[in-house]
Structures are given as structure tokens and as C-alpha cells.
Amino acid sequence: MGPAGRGWGRQGLCLLKRRLLLWKLVAVVFAALLFCEFLIYYFVIFRCGWPEVAAPARGGEQVPVLRAMVLADTHLLGELQGHWLDKLRREWQMERAFQTALWVLQPEVIFILGDVFDEGKWSSPQAWADDVGRFQKIFRHPAHVQLKVVAGNHDIGFHYWMSSYTVKRFEKAFSSERLFSWKGVNFVMVNSVAMEGDGCNICAAAEAELLEISHRLNCSQEVRDSGSCGAGQWLPPSAPILLQHYPLYRASDANCSGPDAAPPGERSIPFKERYDVLSREASQKLLWWFRPRLVLSGHTHSACEVLHGARTPELSVPSFSWRNRNNPSFIMASLTSRDYALSKCFLPQEDTVLATYCGVAGLLAVLVLAHSERLALPFLSSWMVLRTHRAR
């Protein structure tokens with residue numbers, strides 16, 4: 001073979017090596033994207049499982065167990081705040097996490113404890129419609145799965161920003177249902193923003209509705225022939241579970257602990273009534289009216305377990321959005337008419353995803369440098385120096 005042939009042979013070999021390198025780079029990038037944006041959610045959520053709850057047979061039949069998934073503070077960004085890339089990234093993360101959990105865990109009912117949106121309190125009608133459409137895409141679910149949403153301050157506004165228009169707009173999109181019963185379990189969904197206690201029209205109507213629900217629940221636990229309750233649809237004779245955005249009153253998160261609690265430096269900061277938590281008066285009203293066996297709340301973006309009095313536990317559910325915390329999670333609840341069991345399912349940590357991408361970037365750099373033989377040259381030079389030194 002002549003010099004020209006050898007030249008073309010070397011050129012072809014170089015071209016083949018470049019194509020091989022390109023395929024390697026594409027394969028590594030594709031594998032990283034597949035893992036970080038899809039498979040990681042399955043690997044993490046597959047480790048979660050429904051907690052066991054005692055469900056003794058009653059009248060020869062097994063007591064039904066209701067499987068509920070509870071999340072809070074998704075804060076879908078609107079048109080005014082937040083960068084478009086941040087919005088795209090956070091919504092993709094929540095969609096993949098939610099859809100994976102739905103497929104893997106197959107809950108029967110899902111509750112979102114308010115602050116679904118970040119700008120609902122001031123968004124225009126068109127912006128609101130766009131936000132609702134994005135919510136329905138991200139949190140789409142089969143027809144046999146119930147999805148219940150509680151209002152938060154970012155959805156309808158804080159008390160002094162809240163209006164009949166924003167409340168009705170929210171209720172039109174997500175239903176105005178306050179009482180929900182399934183498999184013998186009663187849920188009361190409280191508009192906690194309206195529990196201001198100042199007698200405003202919205203607040204007065206909300207309290208009157210809750211009082212009526214309280215009466216129905218109390219009647220359900222009395223003798224059926226009692227004349228004090230009159231005729232009507234009877235509810236299951238079970239103490240309710242309260243679902244709300246604002247937590248019941250507590251001084252701070254000082255007694256909260258766990259990997260998803262507030263940072264240590266923030267736990268002792270006093271909470272402001274009617275802003276961070278409900279007022280003492282509103283909290284006592286709800287506890288007195290309903291005597292709930294469990295309270296689930298959101299708003300703080302961090303986890304906390306509190307015992308009110310001697311019998312009523314409350315669990316603050318952390319934010320579901322990576323924009324608010326590095327380790328989002330949701331609650332898995334196994335419920336019967338008499339008992340319940342809770343467990344927490346953590347989502348992939350953002351630090352893990354970022355570290356994976358950094359590792360992949362380093363691997364890509366190594367591949368490129370190795371191809372250009374820049375890595376081999378220092379070792380070759382060192383070997384030659386060492387060989388020369390030994391020869392002397």
C-alpha cells in the first residue's frame with residue numbers, strides 16, 4: 001500500500017474513533033438523563049410501603065382499610081414570579097414523583113393540603129386558568145382515584161386579601177366539599193384561612209358550615225332513634241380526621257425533629273398566630289367541635305408531630321416541591337373507622353441528582369481528554385524521564 005493509501009487509512013481510523021467517542025458521549029448523557037429524570041423516582045419510591053393497621057373482623061366481615069396519600073404545598077409557579085426554567089424543572093420533578101407514586105403505590109384517595117399554587121391569590125383569570133390546566137396535567141389520575149384539595153393562603157389569599165371571588169374560583173376548580181366519607185372514615189376539610197375569628201362574611205359562613213358538619217358528626221355517634229338529630233343521611237360513627245392548610249396553634253417548631261423538620265436554627269423562632277398557625281381560639285374551636293382523632297396540616301414546608309391536649313395528634317406535612325426543600329416527602333395513611341397508621345415516603349434528594357450530573361460531567365471530560373490523548377501524554381513523559389534516569 002502506498003503513502004496515499006496509508007494516509008486514507010489513518011484518516012478513516014481517526015474518523016471511526018471520533019464517531020465511537022460521539023456514541024459513547026451520547027450513551028453516557030442518555031443514561032444520566034434516564035436515571036436522574038425517570039428511573040430514580042422508581043428506585044426511591046419502590047422502597048416505600050403502606051403501613052399496617054389493625055383491621056379486626058366485625059360481624060364476620062373484614063373491616064375495610066382506606067389507603068390515602070397526603071401531600072402539601074406544591075406551589076406551582078405562576079406567570080409573575082420565578083424563572084421559566086425553574087418552573088419547568090420543578091413541575092417536571094413533581095409530575096414524575098406523583099405519577100410514579102400513583103403507579104407504584106396505587107392509593108385510593110389523595111389529599112393536597114393547600115398552597116397548590118404560588119400566585120393564586122393575585123393571578124388574573126387567564127393566568128388562573130393556565131395554572132389550573134397545568135395542575136390537572138401534573139396531578140392527573142385515574143377516574144377511580146379521588147383527589148381532594150384544601151385551600152391555602154397562596155390559593156385564595158391571606159385573610160385580608162381573600163375575597164368571595166378567589167374563594168369561589170378555587171371551589172369551582174376543586175369543589176367546595178367540606179365533608180368526605182369513604183370506607184367508614186370521615187374527613188373534614190377546613191378552609192383554615194377563613195378561621196380568623198373576626199366575623200367577616202366569608203369567615204362567618206365557613207364557621208356556620210363547620211358547625212353544621214360538627215352536628216352531623218356528633219349525631220352519627222348517637223343512638224339512631226334519637227329525636228335530637230332528626231331524619232337525614234347518617235354518617236359513619238367514626239371520629240373525623242381534620243385536613244387543613246394552617247397548623248393548629250403551637251408556639252414554634254422547637255419540639256420538632258427528624259430529617260425533614262425545620263433547620264435547627266429556625267425551630268425556636270416563635271410562630272405568629274393567624275399567619276404561621278391558627279390562633280389559640282380557632283384551634284380550640286376546631287378541637288372542641290370535632291374532637292378529631294388526627295389532624296393533618298401543611299403551610300410550614302417542614303415536618304412536625306404535635307400532641308394537642310392528651311389525645312389529639314397533629315402531623316404537619318412537608319412541602320412536596322424541591323423548590324422549598326432538598327428532601328420532599330408525602331404521607332401514606334392506612335385508615336379504618338377506628339384506627340390508622342402513618343408512614344412517610346421520601347422523594348429523591350436534589351443533592352443526589354446534582355452529584356450524579358457532576359459525576360457524569362467529569363466522566364465526559366475524561367472520555368474527551370482520553371480520546372485526544374492528553375491524558376496519556378503526562379504519563380508517557382514521566383515514564384521517559386524515569387527510564388532516562390535509570391539508564392544513567
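Values reported hereafter were calculated over all heavy atoms of this structure, with side chains retained and with hydrogens, waters and symmetry mates removed.
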Self-check item: Rounded distance [0.5 Å steps], CG in Leu296 versus CD1 in Ile241
Solution: 6.5 Å
Quiz item: Under 6.0 Å between ring centres, would you say that holds for Tyr246 and Tyr275?
Solution: no
Quiz prompt | Pairwise distance CZ(Phe174) to CD(Glu171) - rounded to 0.5 angstrom | solution = 11.5 Å
Quiz prompt | Thr336 versus Pro64, closest heavy-atom pair with distance | solution = CG2-O, 3.7 Å
Exercise. Without swapping roles, check the side chain of Ser283 against the backbone of Ser279 for a donor-acceptor pair under 3.5 Å.
Key: yes
Quiz item: Taking a hydrophobic cluster as the set of Ile, Leu, Val, Met, Phe, Trp and Tyr residues connected by side-chain heavy atoms closer than 4.5 Å, whether directly or through intermediates, do Val360 and Ile40 fall within one such cluster?
Solution: yes
Exercise. Side-chain contact test, heavy atoms from C-beta onward, threshold under 4.5 Å: evaluate it for Ser321 versus Thr74 and give yes or no.
Key: no
Practice problem: From the options Leu243, Asn191, Val188, select the one residue that forms a side chain to side chain contact (heavy atoms under 4.5 Å, CB included) with Arg178. | Solution: Asn191
Self-check item: Candidate pair Tyr357 and Leu33, rule side chain to side chain contact (heavy atoms under 4.5 Å, CB included), full reasoning
Solution: CA-CA 9 Å; Tyr357 278 131; Leu33 290 173; 3.5 Å; yes
Exercise. Decide whether a cation-pi geometry holds between Lys121 and Phe158; the criteria are a distance under 6.0 Å from NZ or CZ to the six-membered ring centre and an angle within 45° of the ring axis.
Key: no
Quiz item: Which atom pair, heavy atoms only, marks the closest approach of Asn186 to Ser238?
Solution: ND2-O, 3.0 Å
Quiz item: Could you state the interatomic distance from CE (Met69) to CG (Leu102), rounded to the nearest 0.5 Å?
Solution: 7.0 Å
Exercise. Without swapping roles, check the side chain of Glu273 against the backbone of Glu281 for a donor-acceptor pair under 3.5 Å.
Key: no
Quiz item: Is it true that Asp339 and Arg293 have a side-chain N and a carboxylate O under 4.0 angstrom from each other?
Solution: no
Quiz item: Yes or no on salt bridge (charged side-chain N to carboxylate O under 4.0 Å, His left out) for Glu350 and Arg90, after CA distance, side-chain angles and deciding distance?
Solution: CA-CA 11 Å; Glu350 189 149 51; Arg90 303 313 177 191; 2.6 Å; yes
Quiz item: Between Phe98 and Leu39, is there a shared hydrophobic cluster once you connect ILVMFWY residues whose side-chain heavy atoms come closer than 4.5 Å?
Solution: yes
Self-check item: Nearest atoms (heavy-atom pairs only) where Ala261 meets Arg325
Solution: O-NH2, 3.9 Å
Quiz item: So do Glu79 and Gln126 actually touch side chain to side chain, heavy atoms under 4.5 Å?
Solution: no
Self-check item: Side-chain (Lys87) to main-chain (Gly78) donor-acceptor, under 3.5 angstrom
Solution: yes
Exercise. For side chain to side chain donor-acceptor pair (under 3.5 Å), just list the numbers for Arg274 and Ser192, CA-CA rounded to whole Å, side-chain angles, deciding distance to a tenth of an Å, and then say yes or no.
Key: CA-CA 9 Å; Arg274 299 181 176 88; Ser192 53; over 6 Å; no
Self-check item: side chain to side chain contact (heavy atoms under 4.5 Å, CB included) between Val70 and Phe330, intermediate numbers included
Solution: CA-CA 6 Å; Val70 186; Phe330 59 89; over 6 Å; no
Quiz item: Between Val116, Asp115, Leu113, which is the residue that forms a side chain to side chain contact (heavy atoms under 4.5 Å, CB included) with Asp73?
Solution: Asp115
Practice problem: For residues Val167 and Ile202, determine if any side-chain heavy atom of one lies less than 4.5 Å from a side-chain heavy atom of the other. | Solution: yes
Quiz item: Among side-chain atoms of Arg169 and Ser163, is any donor-acceptor pair under 3.5 angstrom?
Solution: no
Practice problem: Could you tell me whether Arg89 and Glu37 have a side-chain N and a carboxylate O separated by less than 4.0 Å? | Solution: yes
Practice problem: Take Val353 and Gln93 through the side chain to side chain contact (heavy atoms under 4.5 Å, CB included) test and state the conclusion after the steps. | Solution: CA-CA 11 Å; Val353 175; Gln93 289 172 318; 5.9 Å; no
Exercise. Answer yes or no: is there a side-chain heavy-atom contact under 4.5 Å between Tyr41 and Leu347?
Key: no
Exercise. Report whether Phe180 and Trp289 are members of the same hydrophobic cluster (ILVMFWY, side-chain heavy atoms less than 4.5 Å apart, transitive linking).
Key: no
Practice problem: Take Ser297 and Glu314, measure what side chain to side chain donor-acceptor pair (under 3.5 Å) needs, and give me the verdict at the end. | Solution: CA-CA 7 Å; Ser297 60; Glu314 177 182 7; 2.7 Å; yes
Quiz item: What about the rings of Phe111 and Phe187, do their centers lie closer together than 6.0 Å?
Solution: yes
Quiz prompt | Reported CG-to-OG distance for the pair Asn327 and Ser319, which is rounded to 0.5 angstrom | solution = 10.5 Å
Quiz item: Does Ile110 reach the side chain of Phe139, with side-chain heavy atoms less than 4.5 Å apart?
Solution: no
Exercise. Would you sort out whether Phe170 and Asp155 count as a side chain to side chain contact (heavy atoms under 4.5 Å, CB included), showing the intermediate values?
Key: CA-CA 7 Å; Phe170 182 87; Asp155 302 316; 3.8 Å; yes
Exercise. Kindly give the heavy-atom pair with the smallest separation between Ala303 and Cys256, and that separation in Å.
Key: O-CB, 4.0 Å
Quiz prompt | Candidate pair Gln349 and Asn326, rule side chain to side chain donor-acceptor pair (under 3.5 Å), full reasoning | solution = CA-CA 6 Å; Gln349 293 193 19; Asn326 179 53; 3.2 Å; yes
Quiz item: Any chance the side chains of Trp182 and Gln146 put a donor and an acceptor closer than 3.5 Å?
Solution: no
Quiz item: Under 6.0 Å from the CG atom of Asn255, do we count more than 12 heavy atoms belonging to anything else shown?
Solution: no
Quiz item: Should Tyr165 and Phe117 be counted in the same cluster of Ile, Leu, Val, Met, Phe, Trp and Tyr side chains packed under 4.5 Å apart?
Solution: no
Self-check item: Hydrophobic cluster identity match, Phe290 and Val185, side-chain contacts under 4.5 Å
Solution: no
Quiz item: Is the NZ or CZ atom of Arg96 positioned over Trp92's six-membered ring, under 6.0 angstrom from the centre and within 45° of the axis?
Solution: yes
Self-check item: Leu147 vs Ile112 side-chain heavy atoms within contact, under 4.5 Å
Solution: yes
Quiz item: Are more than 12 heavy atoms from other residues, nucleotides or ligands located less than 6.0 Å from atom CG of Asn201?
Solution: no
Quiz item: At what distance, to the nearest 0.5 angstrom, does CG of Asp253 lie from OG of Ser268?
Solution: 9.5 Å
Quiz prompt | Where Cys48 and Phe346 come nearest, the two heavy atoms and their spacing | solution = SG-N, 4.3 Å
Quiz item: Is there side-chain contact between Met332 and Leu342, with at least one heavy-atom pair below 4.5 Å?
Solution: no
Quiz item: What pair of heavy atoms forms the shortest contact from Pro292 to Leu286, and how long is it?
Solution: CD-O, 4.2 Å
Self-check item: SB check Glu91 Lys137 (cutoff 4.0 Å)
Solution: no
Quiz item: Say you draw a straight line from CZ of Arg216 to CG of Leu211; how long is it, rounded to the nearest 0.5 Å?
Solution: 14.0 Å
Quiz item: After noting the C-alpha distance and the side-chain angles of His159 and Asn153, does the key distance pass the side chain to side chain donor-acceptor pair (under 3.5 Å) rule?
Solution: CA-CA 8 Å; His159 172 256; Asn153 55 289; over 6 Å; no
Exercise. Would you check if Val306 and Pro313 make a side-chain contact, meaning some heavy-atom pair closer than 4.5 Å?
Key: no
